[in-house]
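Notes follow once the structure below has been shown.
In what follows, every heavy atom counts, from backbone to side chain, and hydrogens, waters and symmetry copies are set aside. Keep in mind the model is a prediction, meaning the values are calculated, not measured.
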Amino acid sequence: MKLNPRQQQAVTYISGPLLVLAGAGSGKTRVITEKIAHLIRRCDYKPKDIAAVTFTNKAAREMKERIHQTLGRPACRGLRVSTFHTLGLDIIRREIATLGMKPGFSLFDDQDSLALLKALTDDEMDVDKAWLKMAVSKISNWKNDMLSADQVLRTATGDDQIFAEVYEQYQRHLRAYNALDFDDLILLPTLLLRDNTKVRERWQKRIRYLLVDEYQDTNTSQYQLVKLLVGERARFTVVGDDDQSIYSWRGAQPKNLALLKEDFPQLEVIKLEQNYRSMERILKCANILIDNNPHLFVKRLFSDLGYGDPLRVMFGRNEENEAERVVAEIVRERFLKRTRYGDYAILYRGNHQARVFEKALMNNRIPYKMTGGQSFFARAEIKDIMAYLRLLVNPDDDNAFLRIINLPRRGIGPHNLERIGDLANQQQVSLFAACQIQGLNTLLSPQAYHSVHSFVELIQRTARKAAEPGVQSVGAIRDLIQFIQYEEWLFETSPSPAAAEMRMKNVNELYRWVSDMLSDEDDATHDEALSLEQAVNKLMLRDMLSRQEEEDDGDQVQLMTLHASKGLEFPYVFMVGMEEGLLPHQSSIDENNIEEERRLAYVGITRAQQRLTFTLARERRQYGETMRPEPSRFLAELPQDDVQWEDKQPKITHEEKQQRTADNIAALRNRLRSKD
DNA sequence: GCGATGCCGATTTTT
DNA sequence: TCGGCATCGC
């Protein structure tokens, strides 16, 4: 298929900064892919001159795949397609000396950060979990806004003073552990590029053309990174849609779209408004709904896929009935229209809403897939093995140490651990280092000391072997897993042998990934063999997660949050729980942040290709109380001629009823006939 | 190591 | 109110 004129324009405009306002379903990934191909084929750019940045690993992988399809694999060698965080990690790795960091650093995930903060505050003050979570998010927000602990300390007032002090402590300890958190992966390169002209010029030369996907989701430090990378030359394309900005709660600054125009006055803006996904009526409703938000750029989606059925609004007596009706509707439609389960998606505001739908689907033996439940990396066995790997790479990683020092059981209990901890504190070294201090034997029982000693030996021995290239390092990890008898441990601790097998399968999966990454086989995931350190850090960035999910993408009804649905499309969509308090969510109503909720509704609506059904419950139990929720205001904002409210539907006549029955029987006949 | 009991939380979540 | 979890006691 040919590109439309606007898409063509977006692909070929390369003489200056370009903002592509890409409406939902307007083929933006195609534009990015074609543009990269164009740059390489026609514009004298080499693959290694170009970087394309996305937010998720999944998006990065998909984009890479599509470029490979267009250009052929060999022609793409050196092309950078990665997430912001991977790009940041790359910069840090290459500039590690300038940053004054030791090689072999660890990446802390949220739980590690939380654990560190807990440890920091434990003896000082009495704080609860909510406070710690608040602290994590405050620190994260400060980092995303590029505020150092010093800066915050100077300006903070009230409660923020304490948080700022904790922030400073937290940073100091991260340094001591030679660890970085996710936000650092953006912040550090940004600061480095800002303050170091040489490094900045080096990277500006290295990345001659930059493309950014989902630009509306960038936060302050990400935008600054973009600005520093493109420099004065300003050769870049950012693609985004302000109407699909639904992540401001985690620091995304949709105002970065406006900022772009200020910072680059020569900015060219191209709008992609033709939609290749949905029927016209769905788009009309989406357009009218989003018109209620103020806009920097006006945009109007259209399509030539036909007008389509009216949108429906269905009521359930209560939330169970709502779910049952949705499921019944799916069963009925699948039968009549001979569609697949995979054609249906149920979208909701909050994960907790999924439960009743899961139940209803299960009762009807309908296969379904829930996106966003417990992830592979949240599983205990994966975290265990990851902790071993992290400790191999960075022995000063106390969180990793604590997780596995007594796993499997080595007879090192809390008592002995406390002794080690005291020593570490007193000497200002990591726990692993404390284990090697002369005189530890006087503090611990002989058996415990012996265990600690052989643990240290094991880690050091394995780390040495793992540092050797290729086959050696892979073997070292296999030996480690065997040596600690992890499989036996799983069988001991799992409720059933079947569960243990399942978990061991996960471990083997992880092992396979690591060994793939360490050996330089040229498969689709990478271009070169990685060091163990690189592999571990990459895994901490969850690179494999989405690939695993793709594997069992059979014929299943899709269940996910509205947030998770962004970027996806389905022939038949149910948006459930369309009630005031749920969508818009109560807390957004309280904070007067209706616009983001409206964008969320907009994202949901524009997922649907053929048919869209809203559902709500007349009665809903919440925190033990039974509520009678109002229909969502967003339903009232839709053009009512295009919406069929179930309760306002005229009663069907006797003839219509007979006709329907006849239709159903005809459909059944057709189906039976074509089966044999 | 497992079941009972008690307590907390209840928006969205990637990296 | 309900479910997940963490901790406690056996």
Return the value, rounded to whole Å, for the distance between atom [atom1] of [X] and atom [atom2] of [N].
X	N	atom1	atom2	value
A:Gln353	C:dG3	CD	P	16 Å
A:Leu114	B:dT13	CG	C1'	15 Å
A:Met370	B:dT13	CE	C1'	13 Å
A:Leu107	B:dT14	CG	P	16 Å
A:Asn219	B:dT15	CG	C1'	11 Å
A:Asn141	B:dT14	CG	C1'	14 Å
A:Lys118	C:dA6	NZ	C1'	11 Å
A:Arg620	C:dC2	CZ	C1'	15 Å

Checking [X] side chain against [Y] main chain: does a donor-acceptor pair fall under 3.5 Å?
X	Y	value
A:Asp184	A:Leu187	no
A:Glu214	A:Phe55	no
A:Asp145	A:Leu147	no

For this session: Report yes if at least one side-chain N or O of A:Asn57 is closer than 4.0 Å to OP1 or OP2 of B:dT15; otherwise report no.
Result: yes
Exercise. Would one find a side-chain N or O of A:Arg409 under 4.0 angstrom from OP1 or OP2 of B:dG1?
Worked result: yes
Problem set entry | Per-nucleotide protein contact string for nucleotides 6-12 of chain B (B base, S sugar-phosphate only, - none; heavy atom under 4.0 Å) | ----BBB
For this session: Taking atom C1' in both B:dT13 and C:dC2, compute the distance separating them and give it to the nearest angstrom.
Result: 24 Å
Exercise. Taking the P atom of each, how far is B:dT12 from C:dC5, in whole Å?
Worked result: 14 Å
For this session: Tell me what A:Asp183 touches on the nucleic acid: a base, only sugar-phosphate, or nothing, going by heavy atoms under 4.0 Å.
Result: nothing
For this session: Scan A:Arg355 against the nucleic acid and name what it touches under 4.0 Å (heavy atoms): base, sugar-phosphate only, or nothing.
Result: sugar-phosphate
Problem set entry | A:Glu322/A:Arg618 ion pair, N-O < 4.0 Å | no
Just by distance, with hydrogens left out, do [X] and [Y] show a side-chain donor and acceptor under 3.5 Å apart?
X	Y	value
A:Glu381	A:Asn506	yes
A:Glu619	A:Thr626	no
A:Asn394	A:Ser106	yes

Seminar exercise, completed: With both pairing distances under 3.5 angstrom for Watson-Crick or G-U wobble, and | for a partner in another strand, the correct string for DNA chain B is ||||||||||.....
Exercise. Does the gap between the ring centers of A:Trp249 and A:Tyr247 come in under 6.0 Å?
Worked result: yes
For this session: Applying side chain to side chain contact (heavy atoms under 4.5 Å, CB included) between A:Arg80 and each of A:Ile207, A:Val53, A:Thr86, report the one that passes.
Result: A:Ile207
